[in-house]
Amino acid sequence: MKEAGLRVAVDYIGNIFGIWETESNKHEAPIMMGSHIDTVINAGKYDGCYGVLDGLEVIQSLQEQQIVTKCPLVVGAFTNEEGIRYSPDMMGSLVYAGGLDVKEA
């Protein structure tokens, strides 16, 4: 994310966000894409990580074409989405969306 020139933010649960914004669009509502970077043992080869990498590719392609978006773009990498160590699963997105308090998680 840093190599792509994104501002990186990590929230209290451990979700990682790469933010691509400009002075002209930083006050607009962002569009988020991404997925998670944890996976289960027998998941598909690109499970989770592929969505995060796709989001980075979209932003890098736009940058290479010198396209400036009307709103910020964010690549999200959610934590403990398919984890088996901590319950509940999908914890990162659940906390992010306000469905579970971070202290309870």
Side-chain angles (χ1 to χ4, degrees):
M1 290 179 177
K2 288 180 181 178
E3 287 179 20
L6 308 182
R7 180 171 57 86
V8 178
V10 180
D11 69 8
Y12 290 110
I13 195 72
N15 297 317
I16 305 165
F17 303 99
I19 304 157
W20 184 45
E21 62 189 2
T22 65
E23 282 300 315
S24 63
N25 72 16
K26 70 181 183 180
H27 298 293
E28 301 297 325
I31 294 175
M32 186 186 303
M33 57 195 126
S35 191
H36 57 96
I37 53 176
D38 62 337
T39 190
V40 292
I41 292 171
N42 293 319
K45 178 166 144 174
Y46 299 113
D47 180 46
C49 294
Y50 197 61
V52 176
L53 293 173
D54 281 348
L56 287 170
E57 180 60 34
V58 166
I59 290 175
Q60 287 180 311
S61 293
L62 291 169
Q63 291 171 336
E64 288 168 6
Q65 298 298 313
Q66 299 179 348
I67 296 172
V68 179
T69 58
K70 291 182 180 182
C71 62
L73 298 180
V74 178
V75 177
F78 290 96
T79 190
N80 196 45
E81 291 297 287
E82 291 188 351
I84 56 172
R85 186 172 183 190
Y86 303 107
S87 279
D89 59 350
M90 296 179 276
M91 185 184 293
S93 58
L94 187 61
V95 169
Y96 180 80
L100 180 66
D101 183 73
V102 69
K103 289 181 183 178
E104 186 180 340

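For the single chain, residues carry numbers from 1 onward in sequence order.
The distance from atom NZ of Lys26 to atom CD1 of Ile19, rounded to the nearest 0.5 Å, is 12.5 Å. Rounding to the nearest 0.5 Å gives a distance of 11.0 Å between CG of Asp54 and SG of Cys49. Atom CG of Asn80 sits about 11.5 Å away from atom CD1 of Ile37, to the nearest 0.5 Å.
The backbone N or O of Glu81 sits less than 3.5 Å from a side-chain atom of Asp38, completing a donor-acceptor pair. Checked by atom type and distance alone, the side chain of Glu82 never pairs as donor or acceptor with a backbone atom of Asp89 at under 3.5 Å. No donor-acceptor distance shorter than 3.5 angstrom exists from the side chain of Thr69 to the backbone of Pro72, with no hydrogens or angles considered.
Annotation for Ile31: atom CD1 does not count as buried by contact number, only 12 or fewer foreign heavy atoms lying within 6.0 Å.
Linking ILVMFWY residues whenever their side-chain heavy atoms come closer than 4.5 Å, directly or via other members, places Tyr12 and Val95 in the same cluster. Hydrophobic cluster membership is shared by Leu94 and Val102, with clusters built from Ile, Leu, Val, Met, Phe, Trp and Tyr side chains linked at under 4.5 angstrom. Residues Tyr86 and Met90 are members of separate hydrophobic clusters, defined by side-chain heavy-atom contacts under 4.5 angstrom among Ile, Leu, Val, Met, Phe, Trp and Tyr. Connection of Val74 to Tyr50 is not established within any shared hydrophobic cluster, with ILVMFWY side chains joined at heavy-atom distances below 4.5 Å, either directly or through further cluster members.
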Handout entry: Intermediate values then yes/no, side chain to side chain contact (heavy atoms under 4.5 Å, CB included), Thr79 and Met91
Key = CA-CA 7 Å; Thr79 190; Met91 185 184 293; 6.0 Å; no
Practice task
Evaluate side chain to side chain contact (heavy atoms under 4.5 Å, CB included) for Ile16 paired with Val8, printing each intermediate quantity in order.
Solution key: CA-CA 7 Å; Ile16 305 165; Val8 178; 4.0 Å; yes
Exercise for the section: Would you please test Asp11 and Tyr96 for side chain to side chain contact (heavy atoms under 4.5 Å, CB included) and show each step? Expected result: CA-CA 8 Å; Asp11 69 8; Tyr96 180 80; 4.2 Å; yes
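Looking at Ser61 and Gln65, their side chains never bring a donor and an acceptor atom within 3.5 Å of each other.
Here the shortest heavy-atom pairing between Gly51 and Ser35 reads CA-CB, 3.9 Å.
A salt bridge does not link Lys70 with Glu28: every distance from a Lys NZ or Arg NE/NH1/NH2 to an Asp or Glu carboxylate oxygen is 4.0 Å or more.
Classified by interplanar angle (parallel below 30°, tilted 30° to 60°, perpendicular above 60°), the ring pair Phe17/Phe78 is perpendicular.
Residues Ile59 and Val75 are in side-chain contact: their nearest non-hydrogen atoms beyond the backbone lie under 4.5 Å apart. At a threshold of 4.5 Å between non-hydrogen side-chain atoms, the residues Leu56 and Met1 count as touching. Val68 places none of its side-chain heavy atoms less than 4.5 Å from the side chain of Gln63.
Partner of Leu73 under the side chain to side chain contact (heavy atoms under 4.5 Å, CB included) criterion, out of Leu62, Asn25, Leu6: Leu62 alone.
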